[in-house]
S.K.: 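I have a structure here, written as C-alpha cells, and I will follow up with some questions on it.
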Protein chains: 2
Amino acid sequence: MDEKKFCYKYPHPAVTTDCVIFGFDGTRLQVLLVQRGIEPYKGRWAFPGGFLKMDESCEQGALRELQEETGLTGAYIEQFHAFSDPNRDPRERVITIAYYALVKIQQVQGGDDADRADWFALDEVPPLAFDHDMILREALKRLRERIHFEPVGFELLPEKFTMKQLQNLYEAILDVRFDRRNFTKKMLHFNILTQLDETTRPTPKREAFLYSFNQESYNELKQKGFRLEF
Amino acid sequence: MDEKKFCYKYPHPAVTTDCVIFGFDGTRLQVLLVQRGIEPYKGRWAFPGGFLKMDESCEQGALRELQEETGLTGAYIEQFHAFSDPNRDPRERVITIAYYALVKIQQVQGGDDADRADWFALDEVPPLAFDHDMILREALKRLRERIHFEPVGFELLPEKFTMKQLQNLYEAILDVRFDRRNFTKKMLHFNILTQLDETTRPTPKREAFLYSFNQESYNELKQKGFRLEF
DNA sequence: ACTTTGCAGTGTAAAAATTACACAAAATAG
DNA sequence: CTATTTTGTGTAATTTTTACACTGCAAAGT
C-alpha cells in the first residue's frame, strides 16, 4: 500500500539526520561509512542517517541512528549544518541536519552488521552518495574550528593514551606537524592531563607514559574563562 | 477553507528559517526584532523568519525573509543551528534553521513597516517568542567564535570607520576591553586595513583617521594560511 | 653479553608577540 | 585663551613561541 495519510495545508519537506562518525586509529582520522542497499545511490557509500521521528529532537534522532548503526550510546555528537539544496535527494525534498560524532574507534565494530559498514581513512574515502562529499568537507571544517576552543579530541582517544598519540591526533585533525618537545610542553602547560603511573608495556621499543584527560581541571580552567589555543 | 492537500506516507515536520539580524550603532551590538501580530505569542517580539518554500534552499529562504522584512539584499548571513525541540511551536511540529545576518545598521530602517520592527541593544532585549531567547544566545556564541577566524566584523561597520569604532565593535562582540594602543597596533599588523586620506570632520573633538577593510589583502593573507587571532 | 635499532624523555637560547604604560596634538565649548 | 575631550604614537618588560640535540630504555639480532 502506498497510502499517503499525513496531510498538510502547505507542502512540507522531509527531514533526516546524518552523522559523520569520526574515529582515530592512532595515526589517521577515519570515518565510518555504510554501503547503501537500496536506490537511489544503491551500492554507494554514505553516512549513516535516517528520517526524523515526530517526537524526537534532531539530537535525539542523530543519537538514535548512531545507536542503531553502531551500537554506540552516549557518544559525543555535535550538530554542524543543515543541508537543504532542493534537489539533494532525487526522491523528494529532503533536508538533512548533519552531525558529527567523535567515537573511540576500538568501541565500534566495523562491518558485520546487516548493512555493510566500514571505516575509511580520510584520504581513502570513495565518492559518496547524495551530497555527502560536501557534508564530509563541512564536518571536517567544523571539527577543525571546534578543536581550537574545546578539547574534543579526547573523545577520539582511548581513556589512556600516550603523548605521541595525542600529537598524532592533533596533527591528523589540523593537518599540520608539530615539534615533539614543544607539543608536549604546550599540552602539559594547559594542565588538563593527568600523567598516570602506568606505561605502555609491553612495547617493542622504549615504553611511554600514559596520560588521561582530566575533566575536572578542564572545568576549572573553563570557568576562569580560559581559551584552549591550538 | 482548511483543505489539507499536501499528503505524505510519513509525517513531515514544517520547516522555517529564522534570522538573527545583528547591527552595530557604534557602541553596542543590536538585534532587529519584529513584534508578532498573531497568535501564538501575539505581541511578543521575535526574530524575523518564515516557512521555507519547496524550491528554495534554507539560505535562499533566509535571504528572502531578510529582504521581505528589512529590504536588505545580499547581506552577510551564516547558518548556525537548527532548533528542533518537538514542542518548540505550540501549533505543529516546526523545525527552524537559524541564521544570523550582519548588516550595516544605517542601511536598515527600523519600524515603519506593516509589522513593527525595531532595533534592541543586546542587554535590552525583551523576553522573546518561542525559543528565540535560546536562538539569540546561540547566535551570539557562534558570532563570537566566528570572529576569531574571519573578519566578519566589517560587515557591521560602514565602509569607512575609525579605529575607535572598530575597537568598540570587537569589545562589544567579545565583551572584553582592549588597550587602545595595543589594539591599533595589532589591527594594523594584520595588514587588512587601508588607511584613508579622509578624517572624521566635522567632529566635536579631535578628528580621527578613517579606515576601510581591504578585501584583497585579506584574500592574500588567507591564501597563505593565515589565521586571524583575536 | 654485546651491539644495534627505534622510539621516548627532556632543556635552553633566540625570536616573536603581548602587555603595560604616558604624553603631546587637535578641536570645540565656554 | 583656557579647559576639556579625544586621537595619535613608542618603548621597555614580560610572556610565549620557536628551533634544535642528546641521553635512556627496551627489544632483537649477532
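Lettering follows sequence order; numbering is per chain, from 1. Note that this is a predicted model, so its numbers are computed, not measured.
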S.K.: Counting side-chain heavy atoms from C-beta on, which of C:dA17, C:dT10, D:dT9 comes nearest to B:H189?
M.R.: C:dA17

S.K.: Over 60° means perpendicular and under 30° means parallel, so tell me whether B:Y100 and B:F22 are parallel, tilted or perpendicular.
M.R.: perpendicular

S.K.: When the distance from CG of B:L188 to P of D:dT9 is rounded to whole Å, what number comes out?
M.R.: 8 Å

S.K.: Whole-Å distance between C:dA8 P and A:L166 CG?
M.R.: 13 Å

S.K.: Which nucleotide wins on minimum distance to the side chain of A:R181, given the candidates D:dG8, D:dG10, D:dA21?
M.R.: D:dA21

S.K.: Figure out the CE/P separation between A:M187 and D:dT17, and round it to whole Å.
M.R.: 12 Å

S.K.: Just how far, in rounded Å, is C1' of C:dG11 from CG of A:N182?
M.R.: 11 Å

S.K.: Find which nucleotide of DNA chain D each of A:D179 and A:K205 is nearest to by heavy atoms, and output the residue with the more 5' nucleotide.
M.R.: A:D179

S.K.: Kindly state whether the ring of A:F154 and the ring of A:F161 have centres lying under 6.0 angstrom apart.
M.R.: yes

S.K.: Which nucleotide in the list C:dG11, D:dT7, C:dG6 gets nearest to the side chain of A:R206?
M.R.: C:dG6

S.K.: Does this structure show an ion pair linking B:E124 with B:R28, if we count only N-O contacts that are shorter than 4.0 Å?
M.R.: yes

S.K.: Can you confirm whether more than 12 heavy atoms, excluding those of A:K104, are under 6.0 Å from its NZ atom?
M.R.: yes

S.K.: Taking atom OH of B:Y99 and atom CD1 of B:I21, what is their separation to the nearest 0.5 Å?
M.R.: 14.0 Å

S.K.: Testing A:Y41, A:F47, A:F83, A:W45 for ring-ring contact (aromatic ring centres under 6.0 Å, His included) with A:F130, which one passes?
M.R.: A:Y41

S.K.: Rounded to whole angstroms, how far apart are CZ on A:F183 and P on C:dG11?
M.R.: 18 Å

S.K.: CD of A:Q165 versus P of C:dA8: gap in Å, rounded?
M.R.: 10 Å

S.K.: Whole Å only: how far is the NZ atom of B:K186 from the P atom of C:dA20?
M.R.: 13 Å

S.K.: Classify A:K185 by what it touches in the nucleic acid, base, sugar-phosphate, or nothing, heavy-atom distance under 4.0 Å.
M.R.: base

S.K.: Between A:R180 and B:T162, name the one whose nearest nucleotide on DNA chain D is closer to the 5' end.
M.R.: B:T162

S.K.: Nearest whole angstrom, please: distance from the C1' of C:dA8 to the CZ of A:F178.
M.R.: 19 Å

S.K.: Just do the side-chain contact (heavy atoms from CB on, under 4.5 Å) check on A:M163 and A:F183 with the steps written out, would you?
M.R.: CA-CA 9 Å; A:M163 194 57 78; A:F183 181 86; 4.0 Å; yes

S.K.: Give the residues of residues 207-214 of chain A touching DNA chain C, defined as any heavy atom closer than 4.0 Å, sorted by residue number.
M.R.: A:E207, A:A208, A:F209

